[in-house]
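Following: one structure in structure tokens, then a few remarks.
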Amino acid sequence: MIVPMEHLLTLATLLFALGLACVLVRRNLIMILIGVEIMINSVGLVLVGASAFWQQVDGQIMVLILMAITAAEVAIGLALVVYLHQQKKSIDVGIFDEMRG
Amino acid sequence: MIATTMFYLLGAVALGATGLAIIQRNPVYAVIYLVKSIFALALIFYLLGAPLLAALQVIVYAGAIMVLFLFVIMMLEVTPTNASTRSAPGWMQWAPVLFLTLTLVVLTLVLIGLDPATSEGIPRWHATPRDFGYTLFKEYALAVKIISFQLSFAAVGAFHVGMTERRRARLEDAS
């Protein structure tokens, strides 16, 4: 392990917080998906760090699975963005409010 | 020692690029900054002993997923909001991306230049692609199958969502 585990976890936490801020603050659907990407990346960093910490390869395999899940999520998410853009001619989340109770 | 220094530098690059990505008005600029962040993370993966994942991170994330984002952004022709047309001074637009790119290139060259024979050149513990493949296809064979199912479900779902009314009517006529 080249650095203490705490420093790696701090870096991953900061990246996760940036992604979460992006999801919560931005109003653009594509920027929200980008925020989700940032969060998934930070989780991958934690998994690789854990893999190096315990010197087991399992964590890296979980990152590979995470990449596949991300690819699926992005494919569906961007298809939905295209669909919503066809419906409303806009990708601002503020106008998708028909389901408000 | 070099690896530790590089980790902190790369962490700073990743944080800076991500921070710049989430404040961009234009999604295209955000994707460009995010690619920098992903490159920095790939180098960190290599330093932590995951060379195969470092390559996959660049190929899958930067090569496939980010390009998919760019495709959709260009397809939708989303015009940035008015505030972004207010032009900042020229150097403020290209200086951050130039700085991040140069840092990444220099760090990559340093990493390439390290002597592989010493312990600095190669992480002390690292999973070779062979170890990785054996564990993946022996212990996690079921997970691989489930993931491939999930990817095909995602493809079907994306087709279904992307189908327009006209195309759906044409399919029903044909059947």
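In what follows, every chain begins at residue 1, and chains take the letters A, B, ... in the order their sequences are listed.
B:A143 touches chain A through its side chain: at least one heavy atom from C-beta onward sits under 4.5 Å away, while N, CA, C and O do not. Heavy-atom distances place both the backbone and the side chain of B:L53 under 4.5 Å from chain A. Heavy-atom distances place the side chain of B:Y8, and not its backbone, under 4.5 Å from chain A. Within the 4.5 angstrom heavy-atom criterion, atoms from both the backbone and the side chain of B:F132 approach chain A. At a 4.5 Å heavy-atom cutoff, B:M163 makes no contact with chain A through either its backbone or its side chain. The part of A:Q56 that comes within reach of chain B is its backbone (N, CA, C, O), which places non-hydrogen atoms under 4.5 angstrom from that chain. Residue contact with chain A, scored on non-hydrogen atoms closer than 4.5 Å, involves the backbone of B:A21 exclusively.
Among the candidates A:L80, A:L15, A:V63, the residue making the largest number of heavy-atom pairs closer than 4.5 Å to chain B is A:L15. For the set A:D92, A:V81, A:L8, the count of heavy-atom pairs under 4.5 angstrom toward chain B peaks at A:L8. Taking A:G19, A:G35, A:S51 one by one and counting their heavy-atom pairs under 4.5 Å with chain B, the maximum is reached by A:S51. Interface check for chain A: of the options B:A14, B:S148, B:A50, the most heavy-atom pairs under 4.5 Å are formed by B:A50.
The two residues B:Y61 and A:T70 come nearest to each other via the heavy atoms OH-OG1, 3.3 Å. Residue B:A158 comes nearest to A:I76 through the heavy atom pair N-CD1, 3.8 Å, listed as atom of the first residue, atom of the second, then distance. Heavy atoms only, all atoms of each residue included: A:V57 and B:A127 are closest at CG2-CB, 3.5 Å. Summarising the geometry of A:A79 relative to B:V161, their closest heavy-atom pair is O-CG1, 3.6 Å, with the distance given to 0.1 Å. B:P27 and A:I30 get closest at one heavy-atom pair: CB-CG2, 4.2 Å. Of all the heavy atoms in B:G49 and A:Q60, the pair that sits closest is O-NE2, 3.1 Å.
You'll find the side chain of A:D58 reaches within 4.5 Å of the side chain of B:E139, heavy atoms only.
A:I34 and B:M75 fall within a single hydrophobic cluster, where Ile, Leu, Val, Met, Phe, Trp and Tyr are joined by side-chain heavy atoms under 4.5 Å apart, directly or via other members. Hydrophobic clustering (side-chain heavy atoms under 4.5 Å, transitive across Ile, Leu, Val, Met, Phe, Trp, Tyr) groups B:L48 together with A:L9.
Atom CG of residue A:L11 and atom CG of residue B:L41 lie 7.0 Å apart, to the nearest 0.5 angstrom. In this structure, the separation between CG on B:L52 and CG on A:L64 is 7.5 Å, given to the nearest 0.5 Å. Of the inter-residue distances, the one linking B:Q24 atom CD with A:M31 atom CE reads 7.5 Å to the nearest 0.5 angstrom. Rounded to the nearest 0.5 Å, atoms CG (A:L18) and CG (B:L20) are 10.5 Å apart. Summarising the geometry, atom CG belonging to A:L33 is positioned 5.0 Å from atom CZ belonging to B:F69; distances are rounded to the nearest 0.5 Å. Separating the CD1 atom in B:I147 from the CD1 atom in A:I65 is a distance of 5.5 Å, to the nearest 0.5 Å.
Counting heavy atoms of neighbouring residues, nucleotides and ligands inside a 6.0 Å radius, atom OH of A:Y83 does not exceed 12 of them. Counting heavy-atom neighbours within 6.0 Å of B:F71 CZ, excluding the residue itself, gives a total of 12 or less.
Each of B:I44, B:I2, B:T4 was evaluated against A:I2; a single residue qualifies, B:T4, per the side chain to side chain contact (heavy atoms under 4.5 Å, CB included) test.
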